[in-house]
There are 2 protein chains.
Amino acid sequence: MNLKELSTLLGLSQTTVSRALNGYPEVNEETRRRVALAAEKHNYRPNTRAKGLATGRAMAIGHVIPMSTKHEMVNPIFGDFIAGAGETYSRNGYDMVLTVVEDVNEAQAYRNIRSRHTVDGVVVHGPKMKDSRIALLHEIGLPFVVHGRASGIAQDYSWLDVNNKSAFLRSTNFLLDLGHKRIGLINGLEGMDFAYRRRAGYEEALKARGIAPDPSIMRSEEMTEIFGYRSAREMLAADEPPTAFLASSMICALGVRRAIEERGLRMGRDISVVTHDDALSYLQNGSDVPIFTATRSSVRDAGRRLAEILIERINNPDGPLIHELLEAELMVGQSTGPAPREAQ
Amino acid sequence: MNLKELSTLLGLSQTTVSRALNGYPEVNEETRRRVALAAEKHNYRPNTRAKGLATGRAMAIGHVIPMSTKHEMVNPIFGDFIAGAGETYSRNGYDMVLTVVEDVNEAQAYRNIRSRHTVDGVVVHGPKMKDSRIALLHEIGLPFVVHGRASGIAQDYSWLDVNNKSAFLRSTNFLLDLGHKRIGLINGLEGMDFAYRRRAGYEEALKARGIAPDPSIMRSEEMTEIFGYRSAREMLAADEPPTAFLASSMICALGVRRAIEERGLRMGRDISVVTHDDALSYLQNGSDVPIFTATRSSVRDAGRRLAEILIERINNPDGPLIHELLEAELMVGQSTGPAPREAQ
DNA sequence: AATCATTTTCAAAGCGCTTTGGATGCCGGG
DNA sequence: CCCGGCATCCAAAGCGCTTTGAAAATGATT
């Protein structure tokens, strides 16, 4: 069923039917009702492509997912973020189109998207420091919002981010207050902007107490369980083992816990752990009392909100840029306790 | 830059330029080269919507993600599956469009997709037993492939699935051979077809050795870490605790391990664990020696292959239906060992 | 009754592409 | 010299929608 068929069926012109369905005022309410009823009855929906051609709007938003050949990982937060964003999209009549692309071709992918007019805007995931995508998107004039921020970019842009620095500063202080002096940092991949900010928060807290950050207990990698495990194991086996760890994700933290328990130590008593928690739906941090003491910030909420921001920007590209900084909440769980006496 | 502009720029008709770019034979090779060069230079890409309108093909494939209000979980395998499928799509010039929809509106979502002509086909995720989506998709005539299978459906359809029954039958036998007689099952949500098949494999293996399945050590829920933890904890605290567990996912298995260790027991010595492993990129099962003994089957590979199947079906809708059953490999890791003497 | 304003409807153009059904020019064979 | 055949190219229609500009119908006003 298409417009033409529907309109001849109703004995009306395509114009009138189109207007009736799109809520234009210049159509009799009685007629509108008739049209709406018939459309419902025949399950008529305008053809996306035709509508898009006519209006110049795709009513779709793009997400480019770079697939590195080196770093094979699919970000575990991806699913929850998408779920949140998708909710907003649905509510606003937008489709979501994903493009998986080898990271070396990422720039070309954005250009393609632009010239093929497949989407009205894009979400930039996982910004690196001095991320080149931002300049590119400005250049080709594709509306976008960044999930996170990119340090060292001259031009301004819209973003939504968790206050990573503050979160890690607070976690570090929390551990310092408990008497821990050697705190291992198990961070995300160097070069990722969020990892940089987290380290900055960690170092700032240490320095404020006169402790010099020790590179031998700071690691940076893709945040897998294995990485958390290995890092913690190595640090614990070293001469001056940390009495606490700061992990960048729950997945990492699970690995850290494994290393701790493998060594016959007890988390929360012998070794403290604080992690960042993205509130992934399949990886809840306990039910009543959190397992891990954690800085918590729902990535699904972030997706929801970021999608709203992007839609706002698409509707009003010359409107003000939007910046939103979410504070993570520090939730005390069972994984932290005072530093053991002998280590103090 | 659009076709019209490009063609006047070249002093050619739109027809010729279009044909040159699309590889039709009736155009001089010299001309074709000129056209290709100019297109490259001006970064010309045909407008997706216009092309779609003209050809009747969307060159896009849909994934409908139902968001339950009850079960809030985003399936953790989702990211990896999408990454695999997306790879195939990119290679074949397809876009991937996701629709997040409240599960109660799922049927309507498929009808919408169909009548709006947004995609050429869809992937059906997480089939339940007697899944109603299959009949629906047949009815509205939208090409599709199911990731998994649905028992109790009259009509045939294309699918790609892991042999869940065989996998769990083999795991169970493996544990039985090690002398375990009480094996707890920590399964996915009842009603999901894969969970049904896994249980069938488990029960068949037990019965073959004259052991009656005991409902008190069989659980069924969404496969979260918490669920694995709680289930294992409860079973371990009961009168006749299991000496081994069979878990339906790595995430669950992590919870099981936590429960075991919390009780002061050692996994692989006191309690054995076998899990199914979807080979998620951020949750590798160890590096050299697997942590968990596991039935392993890469969900990313599944995505890749399933996308190929769907594209085949789209190109040849009247071709034969395709069924592919992947066997999981049983990899022995550190989480299993002979049943403790006293329990034998 | 005539005029004007307002409401309601419509025909047709246009969005950017593909594709049909020629046109054009060139060549060799009769 | 003419004609058929082939290689190239083109004009125009059509995909299904929105939107412009105008016409028709209605109601209000004088």
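Computed from a prediction, not measured in an experiment: that's the story for all the values here. So that the names make sense, note that chain A is the first sequence line, chain B the second, and so on, each numbered from 1.
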Which residue, A/Tyr110, A/Phe144, A/Tyr157, forms the ring-ring contact (aromatic ring centres under 6.0 Å, His included) with A/His138?
A/Phe144
Which whole-number value in Å describes the distance from B/Arg57 CZ to C/dT19 P?
11 Å
Residue A/Glu102 excluded, over 12 heavy atoms near CD under 6.0 Å:
no
Could you list all the side-chain hydrogen bond (donor to acceptor under 3.5 Å, both in side chains) pairs where at least one residue sits in residues 126-135 of chain A, not counting sequence neighbours?
A/Glu106-A/Arg133, A/Asp131-A/Arg133
Rounded to the nearest 0.5 Å, what separates atom OH in B/Tyr282 from atom CG in B/Asp80?
6.5 Å
Heavy-atom protein contacts under 4.0 Å, nucleotides 11-17 of chain C, coded B base, S sugar-phosphate only, - none:
BB-BBBB
What orientation do B/Phe81 and B/His147 show, parallel under 30°, tilted 30 to 60°, or perpendicular over 60°?
parallel
To the nearest Å, give me how far apart CD (B/Glu26) and C1' (D/dA11) are.
15 Å
Round to a whole Å and report the spacing from CD of B/Glu29 to P of D/dC9.
11 Å
Would you check if there is a donor-acceptor pair between the side chains of B/Arg49 and A/Asn47 at a distance under 3.5 Å?
no
If only side-chain N and O atoms of B/Tyr24 are considered, is one of them under 4.0 Å from the OP1 or OP2 phosphate oxygen of D/dT8?
no
Could you state the atom-to-atom distance from CG of A/Leu10 to C1' of C/dT8 in whole Å?
15 Å
